Each structure stands twice: as C-alpha cells, then as structure tokens.
Amino acid sequence: MEERSEPARTTVERRSDRELVVTRTFDAPARIVFEAWTKPELFKRWWAPKSMGMILRSCEMDVRVGGGYRLAFGHDASNPAEFFGRYIEVVPYSRLAWTNDEGGDGGPVTTVTFEEKGGKTLLVMHELYPSKEALDAAGTGAADAMGETFGQLDELLLTLGASAGRP
C-alpha cells in the first residue's frame, strides 16, 4: 500500500497593495492539472466550495487568447451570480491569464502558472488588482475559500490520475 505524505497546503499571501498570490502543490502532472482548469466538464466538478452550498450551474470556456468564459453560481437557478471575462494568455500545460470583467474596471487580472517537477505540479495563482482599494473591496473571502476549492481539485486529480494511468 502506498504511503501518502502530509496533506497539501494552500497558502494565500498578499504580496503588495494590489497583489494576492495563492500557491499549492498537486500530486499530478501539469498536463492533468491544466486540463482540470480548462475543460468545463472537469472545472465544474471542483471549482465551487461545497461548504458554501452553492453549485456552479453553468460553465462556458473558450480557452484561447481572446476567447471568453462565463461562470454562473447559485443556490438555485433563479438568482445566479455570474463571473465572466476573456483569456489574455494561454500556454498549454504552463500558463493561463484572464480578465475578471463582471466588476467593470475594478476587476483583477488572474494568472495561473503550472510548474511540473517530478510528476507534481506547483500551481501559483496571482491576482493583480487595478488599485489597493479594489483589492481591499474584494476582501479575502474568496481567497480563504481556495484551500477548500483546491482540496476538491486534489480529489478530482486523484480520480483522473487513476483513470488516465500515470505515465
């Protein structure tokens, strides 16, 4: 029986007045982690923290430079919260960047990097806000939920790794 190391830890750090950085190492190759971020059928399975009782009702992703995304969350279909934007950088298995346009000009630009070492992937999610005030207004609620969200991604990656047969 394979022995598991200590559970992965998600770190959330405010690096400056405008920057929030979330990091975690996943026990999966970058290719599989990247696919979990770019395939709607996989993304829907892990992105919404279960403890919030909300589900990701719809997930549209056109993952290419200039392509868009639209996510709709909600307890029920009558009053969804929508998040949307466009992809500004797409480097397969390595880097994604997108705008967060639902807040108008006050939304951050999110960049996610995937760095593989020894079959594990260091993921760094960097959010750059247009101002200190915009980051202050966003609060840390969403960032705090990333530990749970990334735990759900860990669970999905285990099933994907098992079904894909690791190389």
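Remember, predicted model here, so these are calculated numbers, not experimental data.
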I need the minimum non-hydrogen distance between [X] and [Y], along with the two atoms involved.
X    : Y    : answer
P130 : G107 : CD-O, 3.6 Å
D17  : L135 : O-CD2, 3.5 Å
C59  : L71  : SG-CD2, 3.6 Å
R86  : Y69  : N-CE2, 3.9 Å
R18  : S131 : CG-C, 3.8 Å

Any side-chain heavy-atom pair of [X] and [Y] under 4.5 Å:
X    : Y    : value
V124 : V21  : yes
F34  : V112 : no
T111 : M125 : no
E155 : L157 : no

TODO: Carefully, step by step, assess K117 and E115 under the rule side chain to side chain contact (heavy atoms under 4.5 Å, CB included).
DONE: CA-CA 7 Å; K117 287 184 182 172; E115 183 182 340; 3.0 Å; yes

Open item on the list: Before you tell me yes or no, could you show the steps for F73 and M52 under side chain to side chain contact (heavy atoms under 4.5 Å, CB included), namely the whole-Å CA-CA distance, both residues' side-chain angles and the distance that decides it to 0.1 Å?
Closed with: CA-CA 11 Å; F73 293 89; M52 294 178 72; over 6 Å; no

Would the distance check show the side chain of [X] and the main-chain N or O of [Y] forming a donor-acceptor pair, the cut-off being under 3.5 Å?
X    : Y    : answer
T121 : A28  : yes
Q152 : R45  : no
E89  : V65  : no
N100 : P108 : yes
T159 : L156 : yes

Using the rule that Ile, Leu, Val, Met, Phe, Trp and Tyr join whenever any side-chain heavy atoms are under 4.5 Å apart, tell me whether [X] and [Y] fall into a single cluster.
X   : Y   : value
V22 : F83 : yes
W46 : V63 : yes
W47 : F26 : yes
W98 : F84 : no
L56 : W37 : yes

TODO: Can you tell me which residue pairs pass the salt bridge (charged side-chain N to carboxylate O under 4.0 Å, His left out) test with a partner in residues 61-71, sequence neighbours excluded?
DONE: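 Pairs touching residues 61-71 that pass the test: D62-R64, R70-E82.
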
TODO: Indicate yes or no: does E19 engage R14 in a salt bridge with an N to O separation below 4.0 Å.
DONE: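 Answer for the salt bridge query: no.
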
Open item on the list: Does this structure show an ion pair linking R15 with E13, if we count only N-O contacts that are shorter than 4.0 Å?
Closed with: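 Yes, charged N to carboxylate O under 4.0 Å.
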
TODO: Start with the C-alpha gap between E116 and Y93, add the side-chain angles, then the distance that decides, and say whether side chain to side chain contact (heavy atoms under 4.5 Å, CB included) holds.
DONE: CA-CA 9 Å; E116 185 174 335; Y93 316 133; over 6 Å; no

Open item on the list: Which residue in the set T23, L123, T25 passes side chain to side chain contact (heavy atoms under 4.5 Å, CB included) when paired with F150?
Closed with: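 The side chain to side chain contact (heavy atoms under 4.5 Å, CB included) with F150 is passed solely by L123 among T23, L123, T25.
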
TODO: Going by the side-chain hydrogen bond (donor to acceptor under 3.5 Å, both in side chains) test, name the single residue among T11, T10, T149 that passes it with R24.
DONE: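 Among the candidates, only T10 passes.
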
- [ ] List the steps, then state whether side chain to side chain contact (heavy atoms under 4.5 Å, CB included) holds for S94 with F114.
- [x] CA-CA 5 Å; S94 177; F114 307 80; 5.7 Å; no

